[in-house]
Structures are given as structure tokens and as C-alpha cells.
Enquirer: 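Attaching a single structure in C-alpha cells format; questions to follow.
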Amino acid sequence: MPFDPKSHVSELLTAALSSVAPEHASTAILLERPKQASHGDFASNLALQLAKTLRANPREIAQRLVRELAVSPWVDKAEVAGAGFINFYLAAAAKSQVVAEILSLGDEYGKGRLGNGKKLQVEFVSANPTGPLHVGHGRGAAYGASLATLLAWAGYAVSREYYVNDAGRQMDILGLSTWLRYLALFGEQVPFPANAYQGDYVIDMARQIRAAHADRYLHPAAAVLACVPPPEPDPEAHLDGLIKAAKDLLGEDWAYIHQHALTEQMADCRADLEDFGVHFDMWFSERSLFDTGMVAKAMERLEHNGHIYLQNGAKWFRSTSFGDEKDRVVQRDNGLYTYFASDIAYHLNKFERGFDQLVDIWGADHHGYIQRVRGALQALGCDDSRLNVVLVQFVSLWHGSEKVSMSTRGGQYVTLRELRGEVGNDACRFFYMLRKADQALDFDLDLAKSQSNDNPVYYVQYAHARVCSVLASPQGAAFLAQRTADVAMPASVDLASLSGEREMALCARLAAFPEVVEAAARDYAPHAIAFYLRELAAEFHSYYNAERILVDDLAQRTARLALAAALRQVLRNGFTILGVSAPESM
RNA sequence: GUGCCCGUAGCUCAACUGGAUAGAGCACCAGCCUUCUAAGCUGGGGGUUACAGGUUCGAUUCCUGUCGGGCAUGCCA
């Protein structure tokens, strides 16, 4: 176990506490890193917390605690400040030793045991495969991927999953849209419904089908429209009529059109996400829930537990028993299950797969949905506290001060692919991560496309490139070669000459990384990593401008190169969590 | 109407289970490159944390109310 100054200080304080107030010896010791350097390296508010129960002045309690502190070579001094804080000032050696630890742990530095190997699933994106992913999906993808990696770093056994909505009406509409475009290629003009999928990718799929199978799926427009109600007054009924006509006329061939559209869109979606650096361990098919009888099984179980009733020909789940504002239909009067029904089965399936913890990442428009899913899980006898739902707020696109309106059906939206092409993956991933998930994000395309240095990702990557440049110098290369030769004793670097104010600040920042990772994982807040990296980069840029790393004195140069190498390592580890690349030159 | 989220510097956002003088970036002003990458650094002005109460040693944080913004409130998915 490497020496950990924080635990050391914590132990010192615990010992003092058991001497001053034995009856409170079990009080948890919380040490925070003060915002101001003048407040020391660690601060404890222990005395303030005890003041009430001990009915004593917090400053006096703090004084007694400080008097009882054992002398330690790692602590220069401890003093009482403010209302009753105890500030600890570490010795330089206690602060600089983190450099050796980082160099020793390398890619592992920052990983923790919070998750304790528990099985955790993160389900995210899960967009309907009815068209290209847009910038809103991109946010969910970036958030989910970073969160999943973050949780893996925190010690969870993480599984990343995409729920494919390959059953249901939206897919039927996509199949229909494709078929209508296909008919149009042959001059069969069925007026294209306003509520069908308008995008050009639908026409592309129609062309592919024509190229592969010529006129096999051709039917006259008159036959298609024969029994279809007009688009007015009910456009949805019109659409359903067209779907029915397609299924009737095409028979077995309908499945081909439907499947072709699904396969194409999923392949496109998958490639898009892979290019974005977002990987999944499992693509879970909604249709498989029906094929394997999971939906029927889940419904039977709800019914058996007495949570289902019949009304107006439909089956209702009594979700009001679980705090929902109204009951919900799970099976319509036409016998078809609702999306809610398959989602219940899906979540039941997740529990049956033995995950200790589930994280669902949904768009903010789904928040009314949380209560009913939790209710269903409770009704099924599952412990719904294992499920955590994160709502990712919307992304609004702007051209300067003008808002871009987005509509999936209308085909008027900016795709993730377009955005990536304009600003690059790194800027995309980092930009998405600069806001908390529950905060609406305004994405200014003009700014993002301007290639200016306004985007903070450059600032952080630049720090990495600068360090690499220094390490690529002859002296830097010699240092790295020496280290490679010394793998058996990675901690043998002499760090005694690290003592400057900026060096100590940099060390403190590096030492905080594992805590930042753990806190970010606990809060499902990967944005904290982005903010940390920015602060770390700022600390380094400041140091770099104030001090020279490649000085003549060998001991000092070696120590500073070690510090630089440690910084490079932590930047890389942070980039890994965020899915951002670490360029060696810019 | 009801429920959830949000309101912090001119703008975009932070603030570690409630902590010390509320912090960054952008924008604005003034400086720093014949020496390791100036996509950088140093300094400066900028705030009644929407408003009013409450809880306590202490509130941007927790509670109540008011005002303002977003989202939801389908036998769509």
C-alpha cells in the first residue's frame, strides 16, 4: 500500500478524538481540501460538528484536539482557524510523494474500490432506429459512455447496453415510409404523409431495395389507397390505414421491407456511435421480449399479484397503488401490448440477469415515466431502489442568437455525425461533458464550428502536448529511458527538490484525482472530471510559464521531469474516462 | 391546474453527504515570446446567489411561500 497523506491525517485526528471525546470516537472523520492554499492541505470541521452535542465552544474543542495530535514527520503544523476548523499543513515530502505513486501505478492511478466489483448495468442512447442519431442522442451517448467508464474506474463491473426498439408502430412507420418512397421511384405516386419519416435516408433505402430486387414489391398506388381513410381529419388513422394496406398487399414481403429498414438504421447508428468512441456490450432487442414470451410472463405475474384490471376492453396496471398519478394501460383493446408493457418485461429481465445496480439514462421528456416503471418493479416484487434513472436534459441548437428548431419526423435536425464532422469527436465529447446532466445545454453551432480556441478541450489537450514536448527533449528522453530501465524500483525518483509553491499546488491537485473520480462516480457526474482536468491544466500552464523544467541541476531537473510525467499520466487517465484523445503535439 | 427540473458576474457555467473572503471561461482593460509549444501566462474591474421568510455556530446548498423559465401530464414509442 502506498503512503496516503489523507488517511494518515485522518488517523491522527481519530486518535486525538478518542482522547478528547471517547464517547464520540466513532464519529466519521471528513477531510476536505480547502479552496484556499492559506487554509492548508486538509481541513476538518470535526469540532464544529461536535460543538452541539458536547455543548462547548467549537474553537475550544478544536484547540483540545490539536493539542492531542501526535507529532508526525509528514505534518508541518495543524492549527485552529475560523469558526473552529482544524487546518493541516503537510510537509513537502508528504505532498510530492504522489508523483512516485502516479508513475508507479500508471494507467491504474485513480481507480478505486467504491463499487467493490458489483455488477452494474448502464443503459443509454436506446434511440428508436428510425433515422440518424441527432445531437440530443449525442449528449446521451457521451454522458452514458463517460459515466460507464467512470463507474468502471470506481470499481464496478460495468455492462453497457442499448435497448433496440425494434417492435411497435414507429418501426412500422419507418417501413411504410421506405416502401412509399420505393413506389415513388417507379412513378406510383401515393401522397407522402406529413407524419411519416421525411429524411433523405429513407429514399436511399428505397433505392437500395430497388437495386437489389427491382419491382418485386411494386403495387399500384390505387390499390394502396383503396381502403385507406383520408389524411384529414385524422392523420394518424390515415397512417395506420397505409400500414395495414402495406402489410396486406406485401404479405410475407412486408417483413423484408421492415427488416431491411431496421438493419440499415441499426448499422448506421452503430457505426456512428463506434466512430464517436461509444461502445456497447449488449444490443438488447425489444422484439426478443415478445418472441421469448417475456412480456406475457411479466403481465401474468402482475395479474397474478393482483395489479391488473380490465376496463373498456383494455388491461390496466394499477400504478396509482405505487404513487403514480393515474393507472396505465399495458394491453390495448385491440390486443396489442403498449410500449410500457415491453418496458416492464425489459426491466424485469434486467433484474433476472442479476445486476446489483441498474442505471437508465433517459431523455428529460421521460421523467413522467419513472414513477410507473418503479411501480411496476415493486408490483413484480423487485427491489426498485437498485434502479437509478438519470434524466439528461435537452440540447438546444443555436446559430448565434437564433434557435434551430428540431423535429425527428420532419427530418429537420442536425445529426450527431454532422456535428462530429464540424467540430471533431474530442470537442464534442468534452463540450457535452461541460454541463451537469440535469442542466439544459445550449450548443452554439457557429461557435463550435468556428475552430476558435473558445472550446476548452484545446486548453486541456494543449497542456498534454506541452508536457509531451518537454518529455521529448533529449533530457526528457533520458529521464524516461532511465525510468524504463528502473521498472523494478519505480518509486526511486528523488523528489526532495520539489518544494516551490506551484509545484506543491500541482502535487495537491494530482493527489486529489482518485477522490475526484470516486465523488464523480458516486454522483453520476462525469462532468466533474472535465472540470478537474481544466483546473489541473490551468495549474500546469501557470507552472510552465513561471518555472523552467529543463534546468541544469540534475536532481532538480529529474524531479521536475517526474512531476511532468505524472501530470501527463493523470491527464491521460482523465481523457480516457471522457473518451477524449491525448495528442502529443498540437 | 398538478408533478419534476432549473434561476449564481454582461454571457456560458462551477461550487466536494450545509463550511471559511461564492470560483472558472468568454467578453472588456493593462502587461509578458532571440530560452522546454503564446491554442499559454500575469494583473484589473465586475455579485444583496430571482424575491420574502424559516431552520442553526454557519445556507448558493435544507424547509415554506411568491415570481420567472423548461419539461411532463397518450390505449405514441
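Note that these values count all heavy atoms, side chains included, but never hydrogens, waters or copies made by symmetry. Numbered from 1 within each chain, the chains take letters A, B, ... in sequence-line order.
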Enquirer: Please classify the nucleic acid contact of A:S542 as base, sugar-phosphate, or nothing, using heavy-atom distances under 4.0 Å.
Expert: sugar-phosphate
Enquirer: Are the aromatic rings of A:Y346 and A:Y163 close, with centres under 6.0 Å apart?
Expert: yes
Enquirer: Using a heavy-atom cut-off of under 4.0 Å over every strand shown, decide if A:F394 touches base, sugar-phosphate, or nothing.
Expert: sugar-phosphate
Enquirer: Measure from the side-chain heavy atoms of A:N545 and tell me the nearest of B:U37, B:G19, B:G40.
Expert: B:G40
Enquirer: Which is true for A:Y462 with a 4.0 Å heavy-atom rule: it touches a base, it touches only sugar-phosphate, or it touches nothing?
Expert: base
Enquirer: Over all strands shown, is A:A528 touching base, sugar-phosphate only, or nothing at heavy-atom distances under 4.0 angstrom?
Expert: nothing
Enquirer: Identify the two heavy atoms, one from A:L90 and one from A:P5, that lie closest to each other, and give their separation to 0.1 Å.
Expert: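 Looking at all heavy atoms of both residues, the closest pair is CD1-CB, 3.8 Å.
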Enquirer: Could you give the CD-to-P distance, from A:E32 to B:C16, as a whole number of Å?
Expert: 9 Å
Enquirer: Less than 6.0 angstrom separating the ring centers of A:F124 and A:Y143, yes or no?
Expert: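 Between A:Y143 and A:F124, which both carry aromatic rings, the centre distance is not below 6.0 Å.
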Enquirer: Categorize A:E535 for me: base, sugar-phosphate, or nothing, with a 4.0 angstrom heavy-atom threshold over every strand shown.
Expert: nothing
Enquirer: Under 4.0 Å between any heavy atoms, over every strand shown, what does A:A440 touch: base, sugar-phosphate, or nothing? Just pick one.
Expert: sugar-phosphate
Enquirer: Could you give the distance separating B:C57 and B:G10 at their P atoms, to the nearest angstrom?
Expert: 35 Å
Enquirer: Taking atom C1' of B:A39 as reference, at what distance in whole Å does atom NE2 of A:H541 sit?
Expert: 8 Å
Enquirer: Mark this stacking check for A:F85 against B:A20 as yes or no, applying ring centres under 5.5 Å and ring planes under 30°.
Expert: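 Yes, the aromatic ring of A:F85 stacks with the base.
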Enquirer: Indicate, with a heavy-atom threshold strictly under 4.0 Å, whether A:E584 touches base, sugar-phosphate, or nothing.
Expert: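 Contact class for A:E584: base.
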Enquirer: Using atom CD of A:Q36 as one end and atom C1' of B:C16 as the other, report the distance to the nearest whole Å.
Expert: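 My rounded result for the distance is 16 Å.
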Enquirer: Considering every strand shown, what is the Watson-Crick or G-U wobble mate of B:U60 when both distances are under 3.5 Å?
Expert: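 Paired with no nucleotide.
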Enquirer: Could you grab the distance from atom CG of A:D426 to atom OH of A:Y458, nearest 0.5 Å is fine?
Expert: 8.5 Å
Enquirer: At under 4.0 Å between heavy atoms, what does A:A519 touch on the DNA or RNA strands: base, sugar-phosphate, or nothing?
Expert: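 Since no nucleic acid heavy atom lies under 4.0 Å of A:A519, the category is nothing.
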Enquirer: When rounded to the nearest Å, what value does the distance between C1' atoms of B:A15 and B:G19 take?
Expert: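 The answer is 12 Å between these two C1' atoms.
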Enquirer: Just to be sure I understand the rule, does A:A463 reach a base, reach only the sugar-phosphate, or reach nothing, if contact means heavy atoms closer than 4.0 Å?
Expert: nothing
Enquirer: Salt-bridged, A:K247 to A:D172, with N to O below 4.0 Å?
Expert: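 Salt bridge flag = yes for A:D172 with A:K247.
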Enquirer: What nucleic acid atoms does A:N312 come within less than 4.0 Å of, heavy atoms only: base, sugar-phosphate, or nothing?
Expert: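 If one applies the 4.0 Å heavy-atom cut-off, A:N312 turns out to touch a base.
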